[in-house]
Amino acid sequence: MCGRYDIEIDPKTLSAMLGLEVPDFIADADFSPGDTGPVIAVGADGQTKVVLMRWGLEPSWMKEKPTRPMFNARAETVAEKPMFRSAFRKKRALVPARAFYEWTGKPGSKTKWRFSRPNGNLLIFAGLWEARDRGDGQKQLTFTILTTTPNADAADYHDRMPVILDDNAQKIWLDPEADPQFLLALAAPAPDGTLKVDAA
DNA sequence: CCAGACGTTGTT
DNA sequence: GTCTGG
DNA sequence: CCAGACGTTGTT
DNA sequence: GTCTGG
């Protein structure tokens, strides 16, 4: 679930919507694992920023990058898995999107569905990020999106959906002091009616 | 204490 | 980075 | 995530 | 089947 989403927004428009500075990025209606796009995170200086990161988490301790990009993390186990537990504690992120996609049907002849807010507002996914040494002195920033069980809007299409946070939950998710148990409680299915679905 | 290990998810 | 095993 | 590509060798 | 590109 959630291996593709829509971030086809002009950076200036996104900046106005978020109330944050946004670096230039490629507005992509079919943003895919391995692509680089805008992510909201709290820097070492405590400031909330929008930074460009690559989709597919790579923990700092991994010698080799994963063979497949780790573009999702299960909310149910994110606090325990070696892959995610460090980031869950210290590197939580918010991922803006206009919509996400899911598919039904058989490989080669799948039907693509687009999930977005009925009012056109942004979806904000719960995410995690990491900074990994690249060997050339640079840091490779990567991120992943949490998934959970589907709400009624999505259940007919898939058995997972991304964790979508409301305004209040977004603030808590980025709070370095937030209680882990409370964070896990936030990483739940969005209320029914949050999403509309269209053929894509 | 140190040394060494440690992959996810979604899909079929 | 964090946990486990010794 | 999905869609689409994916060829070797010997010879000129 | 598996890898690459999007």
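Source: prediction; values computed, not measured. Lettering of chains follows the sequences in order, A, B, ..., and the numbering in each one begins at 1.
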Categorize [X] for me: base, sugar-phosphate, or nothing, with a 4.0 angstrom heavy-atom threshold over every strand shown.
X: A/Thr77; result: sugar-phosphate
X: A/Ala87; result: nothing
X: A/Lys112; result: nothing
X: A/Trp61; result: base
X: A/Met83; result: sugar-phosphate

Donor-acceptor pair present, A/Thr67 side chain and B/dG7 base, under 3.5 Å: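 When only heavy-atom distances are counted, A/Thr67 does reach the base of B/dG7 through a donor-acceptor pair under 3.5 Å.
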Write down the distance between [atom1] ([X]) and [atom2] ([N]), rounded to a whole number of angstrom.
X: A/Glu102; N: B/dT9; atom1: CD; atom2: C1'; value: 14 Å
X: A/Phe100; N: B/dG10; atom1: CZ; atom2: P; value: 12 Å
X: A/Arg85; N: B/dG7; atom1: CZ; atom2: C1'; value: 12 Å
X: A/Asn72; N: D/dC2; atom1: CG; atom2: P; value: 11 Å
X: A/Lys110; N: B/dT11; atom1: NZ; atom2: C1'; value: 7 Å
X: A/Tyr101; N: D/dA3; atom1: OH; atom2: P; value: 14 Å
X: A/Trp113; N: D/dC2; atom1: CH2; atom2: P; value: 15 Å
X: A/Trp55; N: B/dT9; atom1: CH2; atom2: P; value: 14 Å

Pair partner, C/dG5 [Watson-Crick or wobble, under 3.5 Å]: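 B/dC2 is the nucleotide pairing with C/dG5.
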Aromatic plane relationship, A/Phe71 with A/Trp55 - under 30° parallel, 30 to 60° tilted, over 60° perpendicular: perpendicular
Parallel, tilted or perpendicular, as decided by the 30° and 60° cut-offs, for the rings of A/Tyr5 and A/Phe125: perpendicular
Distance below 4.0 Å between A/His158 side-chain N/O and D/dC1 OP1 or OP2: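 The answer is no; no side-chain N or O of A/His158 sits under 4.0 Å from OP1 or OP2.
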A/Arg160 side-chain N/O to B/dT11 phosphate OP1/OP2 under 4.0 Å: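 No, outside the criterion.
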Check nucleotides 2-6 of chain E against the protein and report each pair of N or O atoms closer than 3.5 Å, with its distance, or say if there are none.
{"residue": "E/dG6", "atom": "O6", "partner": "A/Pro33", "partner atom": "O", "Å": "3.0"}
{"residue": "E/dG6", "atom": "N2", "partner": "A/Arg4", "partner atom": "NE", "Å": "3.0"}
{"residue": "E/dG6", "atom": "N2", "partner": "A/Arg4", "partner atom": "NH2", "Å": "2.4"}
{"residue": "E/dG6", "atom": "N3", "partner": "A/Ser32", "partner atom": "OG", "Å": "3.3"}

Quantified in whole Å, what is the [atom1] atom distance between nucleotide [N] and nucleotide [M]?
N: B/dG10; M: D/dC2; atom1: P; result: 11 Å
N: E/dG1; M: D/dT9; atom1: C1'; result: 24 Å
N: B/dT11; M: D/dC1; atom1: P; result: 5 Å

With a 3.5 Å distance limit and no angle check, can you tell me whether [X] reaches the backbone of [Y] through a side-chain donor-acceptor pair?
X: A/Asp6; Y: A/Arg98; answer: no
X: A/Asp153; Y: A/Gly193; answer: yes
X: A/Trp129; Y: A/Ala87; answer: no

Worked verdict on A/Leu123 versus A/Phe115 for side chain to side chain contact (heavy atoms under 4.5 Å, CB included): CA-CA 10 Å; A/Leu123 296 168; A/Phe115 293 79; 5.6 Å; no
Near-parallel close stack of A/Phe84 and B/dT8 base (under 5.5 Å, under 30°): no
Test applied, ring pair (Phe, Tyr, Trp, His ring centres under 6.0 Å); reference residue, A/Tyr157; option that passes from A/Trp113, A/Trp103, A/Tyr101: A/Trp113
Residue A/Leu184 excluded, over 12 heavy atoms near CG under 6.0 Å: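 Result for CG/A/Leu184: enclosed.
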